[in-house]
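All remarks here apply to the structure that follows.
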Protein chains: 2
Amino acid sequence: MEPNIAYIANLIGDTARSRMLTALMADKALTATELSVEADITPQTASSHLNKLLDGELLIVRKQGRHKYFQLKNRQVAELIEHMLNVSASISSPKIVTGPSNERLRKARICYDHLAGELGVKLFDALVREGWILERGSEELVLTAQGHRSLSQLGIDFEVLNKSRRPLCKACLDWSERRTHLAGSIGKWILNDALKRQWAHQDLDSRAIQFTASGLNAFNKQYRI
Amino acid sequence: MEPNIAYIANLIGDTARSRMLTALMADKALTATELSVEADITPQTASSHLNKLLDGELLIVRKQGRHKYFQLKNRQVAELIEHMLNVSASISSPKIVTGPSNERLRKARICYDHLAGELGVKLFDALVREGWILERGSEELVLTAQGHRSLSQLGIDFEVLNKSRRPLCKACLDWSERRTHLAGSIGKWILNDALKRQWAHQDLDSRAIQFTASGLNAFNKQYRI
DNA sequence: TCTATAGTTCGAGCAACATCGAAGCATCAA
DNA sequence: TTGATGCTTCGATGTTGCTCGAACTATAGA
């Protein structure tokens, strides 16, 4: 038999569960209670949903004291959610409502482990313009020799990155901008570096990334945005 | 608001609808009745499901006389389904049952527009071994100069392929083999070429690709499998 | 030991929706 | 015009499963 995609899709296809999954796209482990708040349901209901998601192997859980920390099982699952976000965003009928909290999400947010939103797209454009990465076709990205040099100077350790089997650069479609932004281990490094330098911090309650005024300046300068 | 992934997921998450979608992965337009047979439901029920899939913009339809031909809306949708097949296949609980008709599917099948299954993986391995394509990391593929030469000799027209914004080579994870096979416009060309040369033909009732004995020989020889 | 918090299990209520029979419309081929 | 085929609309039925209140277990802290 072919794999049963209805099972997985049905799992994601519930409003409460899909909200939990989307919340977990921030790549942060969340507790059952936090997720119940996120999904706007009671803890009992959340407990039932979380068990289903565990059964379906979309989540993993770590127990710490009286807390349970849930997170997405792996990158494959995260990429599936991302894919669904993209397809959903390209649909016309259920209109996308604009709100104040979404303004921040649209500006800059975390997409599993790299920067997305307006700033993510700007970053990508700048890297291409400066010749650090090269677009081959519309989906394939290549790091140039110059990009390698420049990023090394910024402190990236390619020795470490090359050890992982993950590609350095990867194109990721942005659902709010409908444009490409940078994923892959370099994308991850750039976000982590900005957080480490305290140019920005992640919102406690959402996937939004808040840049400080000076942090944004430094970030823009560093990447010629 | 973030895009509503529950809506799309819920659409795919019904057994009947998911069967229809999987059937359409063969990239062939099917009529409403054919799809109702595929999903094992009455035409009335199928009609209702197909309308929902149209509303959700997962399908498009062409009317021809008293027939209605449905197909997947675009490659993005097909890739989403493929992604779900992969995630589903990597789940342990709902075991994959082996059956006679699946034997053929596992050997060689169409994955939207390129070759998948055992033969697809073998093809990929051969192309890498012969140095026609290069694996960078685990997901990124590059066409080598030698690959360009060799494929040109086989009749591929890179002028045409380069016009499309689609990447030449792309890695696609195979749900039955759990290994990489070749997608992208070259993958598409190779399959089409084999069909054109009548080395193989597509099953009428499924996504299986049937090679003739001599066709398989020629195919293996051409690509050093 | 007592209390507060995190998470669970059970059961009942309720709404959503997949399903099909019956009947209807549209098209094609005589 | 008649009959056959493809597809749809309508209404009734039944099941699934999301939901929460109530009561429970488990852990942490004092």
Side-chain angles (χ1 to χ4, degrees), chain A residues 4-24 28-72 93-94 204-205, chain B residues 4-24 28-72 93-94 204-205:
Chain A
N4 185 4
I5 72 169
Y7 173 68
I8 290 289
N10 192 30
L11 220 43
I12 307 176
D14 171 80
T15 315
R17 285 193 294 263
S18 71
R19 282 202 202 157
M20 293 175 165
L21 290 169
T22 315
L24 288 169
K28 230 176 10 179
L30 298 176
T31 67
T33 311
E34 285 169 333
L35 286 167
S36 78
V37 171
E38 200 72 45
D40 199 24
I41 49 178
T42 60
Q44 307 97 291
T45 311
S47 176
S48 145
H49 283 310
L50 288 168
N51 273 321
K52 287 178 188 179
L53 290 171
L54 286 174
D55 275 351
E57 297 184 41
L58 293 182
L59 299 185
I60 50 177
V61 64
R62 273 173 306 154
K63 211 177 166 180
Q64 251 170 52
R66 51 182 171 175
H67 293 278
K68 273 188 162 180
Y69 288 93
F70 294 87
Q71 57 188 126
L72 298 184
S93 26
L204 289 176
D205 60 333
Chain B
N4 185 4
I5 73 169
Y7 173 68
I8 290 289
N10 191 30
L11 220 43
I12 307 175
D14 172 81
T15 315
R17 285 193 294 261
S18 71
R19 281 202 203 156
M20 293 174 165
L21 290 169
T22 315
L24 288 169
K28 232 178 5 183
L30 299 177
T31 67
T33 310
E34 285 169 334
L35 287 167
S36 79
V37 171
E38 200 73 45
D40 198 25
I41 49 179
T42 60
Q44 308 96 289
T45 312
S47 176
S48 145
H49 284 309
L50 288 169
N51 273 322
K52 287 178 187 178
L53 290 172
L54 286 175
D55 275 352
E57 299 185 39
L58 293 182
L59 299 185
I60 50 176
V61 64
R62 272 173 306 155
K63 211 177 167 180
Q64 250 170 52
R66 50 182 170 176
H67 294 276
K68 270 187 165 182
Y69 287 94
F70 294 88
Q71 56 188 128
L72 298 184
S93 26
L204 289 176
D205 61 332

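When reading the values below, keep in mind they use all heavy atoms of this one structure, side chains included, and skip hydrogens, waters and symmetry mates.
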Out of [options], which has the shortest distance to the side chain of [X]?
X       : options               : value
B/Asp14 : C/dT8, D/dG17, C/dA18 : C/dA18
B/Thr33 : C/dA6, C/dT19, D/dG6  : D/dG6
A/His67 : D/dT9, C/dA6, D/dC18  : C/dA6
A/Thr42 : D/dT9, D/dG21, C/dA18 : D/dG21
B/Lys52 : C/dC17, D/dC18, C/dG7 : C/dC17
B/Asn51 : D/dT9, D/dT19, C/dT8  : D/dT9

Protein-nucleotide distance ([X], atom [atom1]; [N], atom [atom2]), rounded to Å:
X       : N      : atom1 : atom2 : result
B/Arg62 : C/dT27 : CZ    : C1'   : 18 Å
A/Asn10 : C/dA18 : CG    : P     : 10 Å
A/Arg19 : D/dT19 : CZ    : C1'   : 14 Å
A/Leu59 : C/dG7  : CG    : P     : 14 Å
B/Lys63 : C/dA26 : NZ    : P     : 9 Å
A/Ile12 : D/dG17 : CD1   : C1'   : 18 Å

For this session: Indicate the atoms forming the closest heavy-atom contact of B/Phe70 with B/Leu59, along with that distance.
Result: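 It is CD2-CD1, 4.1 Å.
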For this session: Search all heavy atoms of A/Ser18 against all heavy atoms of A/Ile12 and return the closest pair with its distance.
Result: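 Taking every non-hydrogen atom into account, CB-O, 3.3 Å.
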Problem set entry | Polar contact flag, side-chain donor to acceptor under 3.5 angstrom, A/Thr42-A/Thr45 |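 Yes, side-chain donor-acceptor contact under 3.5 Å.
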Between [X] and [N], does any side-chain N or O lie under 4.0 Å from OP1 or OP2?
X       : N      : answer
B/His49 : C/dC17 : no
A/Lys68 : D/dA26 : no
A/Arg66 : C/dA4  : no
A/Thr45 : D/dC18 : no

Exercise. Can a donor-acceptor pair under 3.5 Å be found between the side-chain atoms of A/Gln44 and the base atoms of D/dG21?
Worked result: yes
For this session: For the helix from C/dT1-D/dA30 to C/dA30-D/dT1, measure the angle between the helix axis at one end and the axis at the other, each built from five pairs, rounding to 10°.
Result: 30°
